[in-house]
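Values reported hereafter were calculated over all heavy atoms of this structure, with side chains retained and with hydrogens, waters and symmetry mates removed. Here the structure is a predicted model, which means the values were calculated and not measured. Proteins come first, then strands; the chains are lettered A, B, ... in the order of their sequence lines, and each starts at number 1.
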Number of protein chains: 2
Amino acid sequence: MTSQDVILGILMDDSHSGYEIKHKFETLFSYFYNASYGTIYPTLGKMEKLGLITKESILQDGKPNKNVYTITEAGREAFVQYLESDIQGVELKSDFMVRLFFGEWTEPERVIRWLERSIAKEERQIERLNADYERWKSHMSPTQEICIALGIANQESNRRILLEGLAKLKAQL
Amino acid sequence: MTSQDVILGILMDDSHSGYEIKHKFETLFSYFYNASYGTIYPTLGKMEKLGLITKESILQDGKPNKNVYTITEAGREAFVQYLESDIQGVELKSDFMVRLFFGEWTEPERVIRWLERSIAKEERQIERLNADYERWKSHMSPTQEICIALGIANQESNRRILLEGLAKLKAQL
DNA sequence: TCAGACATGTAACAAGTTACATGATTTT
DNA sequence: AAAATCATGTAACTTGTTACATGTCTGA
């Protein structure tokens with residue numbers, strides 16, 4: 001899976017600018033994929049050269065021009081090819097879990113602070129995902145529903161385990 | 001969190017070679033962090049130059065020499081500084097979830113195959129994590145227990161949601 | 001006899017982030 | 001008056017992977 005594949009997926013049902021694509025990453029998507037402008041803009045340029053997408057410049061008043069990209073037939077074929085390729089394993093990099101693993105090398109009070117902040121973060125995320133679900137569920141595909149259910153269930157399971165762990169650590173103080 | 005921080009953490013309670021560090025990544029750790037030899041060896045070299053670790057070459061017969069690294073006082077201080085720094089947010093990159101999100105663009109049979117394979121994978125991982133826990137629980141710290149509990153709970157929640165999703169998709173066929 | 005464990009290291013390449021550069025409009 | 005939104009793009013840098021290079025011993 002490359003950023004090109006993900007951008008093709010976003011352009012499959014509608015044309016978008018680079019700015020809008022970034023927005024989609026942040027709202028719908030950030031839970032399992034993300035990319036910065038420094039990735040998005042050069043990738044769109046490369047994809048246009050490859051003939052996977054076409055660019056249309058839209059003049060706006062008061063705002064900068066918008067470059068709206070539309071997927072081509074070749075782009076659709078490339079996306080289908082991606083869907084037919086082997087699935088890559090998930091990559092997770094969690095600073096929080098690394099610290100937890102090495103938690104014995106710092107004061108219990110600090111570890112407790114880590115846990116409390118992490119729990120608060122999980123709770124904010126659960127609320128955000130539930131709100132996202134409420135807002136978009138009417139036009140979400142069945143597989144997208146599984147996606148968001150995975151996210152919510154994960155965050156709820158994290159919350160539960162962290163609360164249990166926190167209670168145990170506090171009992172040992 | 002850099003690979004240097006994680007390597008320092010591993011060297012905190014015992015000296016190890018690069019090969020052994022890689023092995024630790026793969027067994028204890030791969031769930032939330034990993035690095036290849038191409039990262040480990042150059043990082044160890046850099047850390048030695050910085051005075052964070054010292055190298056001792058051990059001659060072995062029948063096997064290649066082993067470079068065993070030991071953390072220095074400066075290394076311990078650097079590790080403590082890492083533990084005092086801000087926690088970085090988790091980074092997740094999941095090809096599986098991206099495909100699920102775009103699942104409407106391919107045949108339902110393919111999506112069902114993705115789900116079935118993913119469920120089988122989660123089940124293997126759950127067994128592996130449980131086996132790891134049984135093997136190491138006697139010398140695991142309380143925070144390490146939280147770590148492994150997070151991993152197991154996550155994988156079990158994924159399994160549950162995927163099974164539910166699979167049933168729904170099959171019903172719609 | 002062949003795969004896998006043991007063991008280190010480099011070079012080429014790929015991928016992605018951050019910071020910089022620019023600037024009007026709208027909301028707080 | 002400041003911050004956020006809208007909008008694009010590049011250059012320098014960081015980080016990391018993959019493949020190559022080398023070689024023995026052990027167990028299936």
| note | From CE of A:Met47 across to P of C:dA15 the rounded distance in Å is 14 Å
| message | Quick check on contacts: within residues 11-31 of chain B, what sits under 4.0 Å from DNA chain C by heavy-atom distance? | response | B:Ser17, B:Gly18, B:Tyr19
| field | NZ/NE/NH1/NH2 to OD/OE distance under 4.0 Å, A:Glu109 and A:Lys170 | value | no
| field | N or O in side chain of B:Ser3 less than 4.0 angstrom from D:dT15 OP1/OP2 | value | no
| query | Taking CG from A:Asn65 and C1' from C:dT22, how many angstroms apart are they, rounded to a whole number? | reply | 13 Å
| Distance-only polar pair, side chains of B:Glu145 and B:Tyr133, donor-acceptor under 3.5 Å | yes
| note | Testing C:dT10, C:dC6, C:dG16 for proximity to the side chain of A:Tyr33, the answer is C:dG16
| request: To the nearest Å, give me how far apart NZ (B:Lys46) and C1' (D:dG16) are. | output: 12 Å
| Full working for side-chain contact (heavy atoms from CB on, under 4.5 Å) between A:Leu115 and B:Ile146 | CA-CA 10 Å; A:Leu115 287 171; B:Ile146 300 175; 4.3 Å; yes
| request: Verify the contact: side-chain N or O of A:Asn67 to OP1 or OP2 of D:dG9, cut-off strictly under 4.0 Å; return yes or no. | output: yes
| Over how many whole Å does the gap from A:Lys66 atom NZ to D:dC6 atom P extend? | 9 Å
| said: Under 3.5 Å, is there a donor on one side chain and an acceptor on the other for B:Asn67 and B:Tyr41? | reply: no
| message | I need the CG-P distance between B:Leu59 and C:dA7, as an integer number of Å. | response | 13 Å
| message | OP1 or OP2 of D:dC6 versus the side-chain N and O atoms of A:Gln60: is any pair under 4.0 Å? | response | no
| said: Checking A:Arg99 against B:Ser85: is there a side-chain donor and acceptor pair closer than 3.5 Å? | reply: yes
| Do the charged groups of B:Arg110 and B:Glu107 touch, with an N to O distance under 4.0 Å? | yes
| Is the shortest side-chain N/O distance from B:Thr39 to OP1 or OP2 of D:dT17 below 4.0 Å? | yes
| Would the B:Phe102 and A:Phe79 ring centres measure less than 6.0 Å apart? | yes
| remark: Among the nucleotides D:dG9, C:dT8, D:dT18, whichever has the atom closest to the side chain of B:Ser36 is D:dT18
| note | Here the distance between atom P of C:dA7 and atom CG of B:Leu44, to the nearest Å, is 15 Å
| request: Find the distance A:Tyr37:OH to D:dA7:C1' and express it as a whole number of Å. | output: 8 Å
| request: Using whole Å, report how far NZ of B:Lys55 lies from P of C:dT8. | output: 10 Å
| Toward the 5' end of DNA chain C, which comes first, B:Tyr41 or B:Lys93, by nearest nucleotide? | B:Tyr41
